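See structure below.
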Amino acid sequence: MKHIIIYIPFLISLLSGMLLVSICTRKNQDMSFFMKTFLAAGIGLGLSAQITYLSFLFLNQLNLFFIMLFHAGMLFTLFIIKLLLKNDSLSEFPIKNISFALLSGTLLVVLFLFIYPLWQYAKFYPHGGWDAWQVWNFKAKFLHLSGDTWTNLFKPMMWRTSPHYPLLLPLINVWGWAMSNQPVSVIPLATSIIFTILTAGLLFLGLLQNTKSYFSTFAPLTFLTLPFYNIIATSQYCDIVLSFYLFASLLCLHSFLLSNQPSYTALAGFFIGFLSFTKPEGSIAAGILFLLGGSAIFLHSKNKAWPQKRSPLLVFCLAVLATAALTVAFQLVHSPGNQTYVNGLFSSEKPVTFLRLNIIFSFLWRELANPHWNKIWGLLGVGIILSKGRCFLGKRAIFPLFIFIYMFIVTAYYIINTNFEIIWWLNVTLFRIYFSLLPVFTYWIFESLLSRHK
Amino acid sequence: MPKINAERIFKPLFLIFNGRNCFLILAFFIIFTNSQKLSKDIISRKKIREKNPYIFHGIKFSGLKEILHNAEYIGYYTDKDIDNTLDALQFAQAQFILAPIILDLNNTEHEFILFDCSSEAVAMKRIREIKAIPIRKNQFGIILAKNPKYMFTNQKQE
């Protein structure tokens, strides 16, 4: 019983997310019950982490009573809003087509069977990889135990723990410890498995919704069966969290462009805000998505009448503002700034060299061909060729545009920041960049090939 | 001689082996090979854990918190090269286990100093140099010492 009780915070998050998603998508009849649930879990966990951060921001310490009270107030408010909007409701987590729901449910169960291998990988190192407990789990433990001295986390002497990194993952884990009242290692482990299943499940459900093809099951299986992917996903790093919020943001934007349902813009906005609080790369990705998504929504709605033209963009901007506000607060109030940055363009001690450029560009390709990916990037490359250009056209252009801009900025950062020895730095970080992009890439290629939309 | 209609023969083949289906066949092949690797990898990992149960090496720093109860910072003295991955790992493990106490690397001015040296002799030499008083030593050679400046005070440090 005690084992179940410690997961109650995650169930509260799921409930909050479900209420918020059901309110946002009340006029959206296309979205399945499963899809809403998977999106709701991500939104709920993001909200809970942000509420936990509010406790530190306003009360200068972890105050579980405040956090629980805030959750109770939020649940009550969302419930009342849902009741008031009930007459307006066209769909209540609909299961309209029973055979479709049963089949997609069965395929989801197949995906859930992967909890076993994930569990096996996760418990091999129950404290996670060493970066996990040096950075993420250390921060979570520190936030949980430090009382009003929690800002010591941002002291210069803590540079090894990257104090400028945003705190979404540690805060999810701190919230997860609300019932155990001590930093038990099973919660970060469970968080990593939850986000892996959410990513894989959302990839399947998003593809199923937008392509109506049951071959969508293949997409998450390509990487869920990959040992290297499982190792990174369950190592308790923040990359799986970043990967989930990045993919969810792009999926919602793409679904809006396909279905024209404004509810997707609200969800995309929420996800982009949470994405910005994951890691510095997440903040960059969120910035790109905000500009790219905003432009796509504006262009998509430009020929429509006034309310339809303005409201999706307005809802999108408000949703981003609501969830990214705490990232801005973190950057302004707490983040000590990046202490591991040397601008190689102006540094005489560590200048940018031609050799450095050469190493970076060769690594970008070499990592894709690394045997630990077991040719998965080759498969996706072949998919680009077989799509005969479909993957670059129309509403899917948002994917290659995002990937190109994101990789351009990441590469520029590798070139300009000469603080680290480049071969070591690429060896320990580049695979994570590709790891977090993998679900986005997989969705893009599978959707181009399975979809009937041109 | 009957005329062979090549288009009639090959058209169904082109329909079957279109871009989409070729991609799905390749994807199936990747999933199949991945699954084999995955199952082999899981079996080997289970065997490894049966032989060598998981030990978190940071455990060598546990049991100090009852002595360090009010400390915000303590010194962490080492003669090892902290840029070396294994030594950096040891420092990170100590920091993780002792959180929320912050370890101040090679600063011996704090009330408590943790000595994690390449040998006990090196640690004791340094302890004598700074006239610290060893108060706890464990089987892993980790020594906790108290700075004599704080011997008769209980003041909280910054």
Side-chain angles (χ1 to χ4, degrees), chain A residues 114 116-117 120-121 123-127 130-131 133-135 137-147 149-150 152-153 155 157-158 160-161 183 185 213 215 218-219 221-231 374-376 378-380 382-383 385-388 390 445-446 448-450, chain B residues 17-46 48-49 52 54-59 65 71-73 76 82-83 85-86 88-107 156 158:
Chain A
F114 278 87
Y116 175 74
Q120 289 299 329
Y121 277 98
K123 72 173 190 176
F124 194 76
Y125 290 115
H127 287 89
W130 89 287
D131 271 20
W133 44 259
Q134 188 192 27
V135 179
N137 292 350
F138 164 72
K139 284 185 180 181
K141 193 177 172 187
F142 196 93
L143 289 169
H144 188 79
L145 298 172
S146 58
T149 61
W150 71 281
N152 285 346
L153 203 56
K155 291 271 164 81
M157 70 170 71
M158 303 301 285
R160 283 183 180 80
T161 65
S185 63
S213 168
F215 286 112
F218 278 24
L221 289 183
T222 52
F223 57 78
L224 267 187
T225 52
L226 187 69
F228 182 68
Y229 184 89
N230 285 309
I231 291 168
N374 196 28
K375 300 176 187 68
I376 200 164
L379 171 77
L380 297 173
V382 170
I385 296 163
L386 292 175
S387 77
K388 295 173 190 161
R390 270 164 59 112
I445 303 302
F446 270 82
S448 314
L449 285 156
L450 297 181
Chain B
F17 292 104
N18 58 16
R20 171 185 178 274
N21 291 354
C22 287
F23 178 74
L24 288 173
I25 291 165
L26 278 175
F28 180 77
F29 176 74
I30 294 272
I31 293 167
F32 181 73
T33 54
N34 274 353
S35 303
Q36 284 181 315
K37 283 185 182 173
L38 185 77
S39 55
K40 277 182 195 165
D41 198 46
I42 289 173
I43 291 165
S44 73
R45 279 168 179 261
K46 280 178 101 171
I48 290 169
R49 275 290 164 265
N52 309 304
Y54 176 77
I55 299 164
F56 185 61
H57 292 288
I59 206 84
K65 274 199 179 167
E72 262 182 59
Y73 298 87
Y76 179 93
I82 213 77
D83 290 331
T85 307
L86 280 176
L89 194 136
Q90 176 112 325
F91 175 68
Q93 280 172 332
Q95 181 64 91
F96 176 72
I97 285 291
L98 294 172
I101 297 163
I102 291 177
L103 304 186
D104 195 356
L105 186 64
N106 289 338
N107 184 345
K156 206 175 178 184
E158 265 303 318

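Chain identifiers are assigned alphabetically (A, B, ...) following the order of the sequence lines, protein sequences preceding nucleic acid strands; residue numbering begins at 1 within each chain. Fair warning: this is a prediction, and the values are worked out from it, not measured in the lab.
At a 4.5 Å heavy-atom cutoff, the contact between B/Leu24 and chain A is made by backbone and side-chain atoms alike. In this structure, the portion of A/Asn230 lying under 4.5 Å from any heavy atom of chain B is its side chain and not its backbone. At a 4.5 Å heavy-atom cutoff, the contact between A/Leu224 and chain B is made by backbone atoms alone. The contact between A/Trp130 and chain B is made entirely by side chain atoms (from C-beta outward), counting heavy-atom distances below 4.5 Å. Neither the backbone nor the side chain of A/Ser185 has a heavy atom closer than 4.5 Å to any heavy atom of chain B. For B/Lys46, the part lying near chain A is the side chain, with the backbone staying farther off; criterion is any non-hydrogen pair under 4.5 Å. For chain A, the nearby part of B/Tyr54 is the side chain; its heavy atoms alone come within less than 4.5 Å. Contacts of B/Phe28 with chain A are made by both backbone and side-chain atoms, with heavy-atom separations under 4.5 Å. The contact between B/Ile82 and chain A is made entirely by side chain atoms (from C-beta outward), counting heavy-atom distances below 4.5 Å. In this structure, the portions of B/Gln93 lying under 4.5 Å from any heavy atom of chain A include both its backbone and its side chain.
Most heavy-atom pairs under 4.5 Å with chain B, from the set A/Gln120, A/Met157, A/His127, A/Lys123: that is A/His127. If you tally non-hydrogen atom pairs under 4.5 Å between each of A/Lys375, A/Arg160, A/Gln134 and chain B, the highest count goes to A/Arg160. Ranked by heavy-atom pairs under 4.5 Å with chain A, the first of B/Leu105, B/Asn107, B/Asp104 is B/Asp104. Among the candidates A/Pro126, A/Pro117, A/Gly378, the residue making the largest number of heavy-atom pairs closer than 4.5 Å to chain B is A/Pro126.
Looking at B/Glu72, its side chain never comes within 3.5 Å of a backbone N or O of A/Thr149 through a donor-acceptor pair. Using a distance-only test at 3.5 Å, with no hydrogens or angles considered, a donor-acceptor pair links the side chain of A/Lys141 to the main chain of B/Ile97. At least one donor-acceptor pair closer than 3.5 Å links the side chain of A/Lys139 to the backbone N or O of A/Thr161. Checked by atom type and distance alone, the side chain of B/Arg49 pairs as donor or acceptor with a backbone atom of A/Phe124 at under 3.5 Å. Looking at B/Asn34, its side chain does come within 3.5 Å of a backbone N or O of A/Thr222 through a donor-acceptor pair.
Of the listed residues (A/Phe138, A/Phe142, A/Trp150), just one forms a side chain to side chain contact (heavy atoms under 4.5 Å, CB included) with B/Pro100, and that residue is A/Phe142.
To the nearest 0.5 Å, the span separating CD1 on A/Ile231 from CG on B/Asp41 amounts to 5.5 Å. The structure places OH of A/Tyr229 at 13.0 Å from CG of B/Leu38, a figure rounded to the nearest 0.5 Å.
Taking the centre of each ring, A/Phe446 and A/Phe218 stay at or above the 6.0 Å mark.
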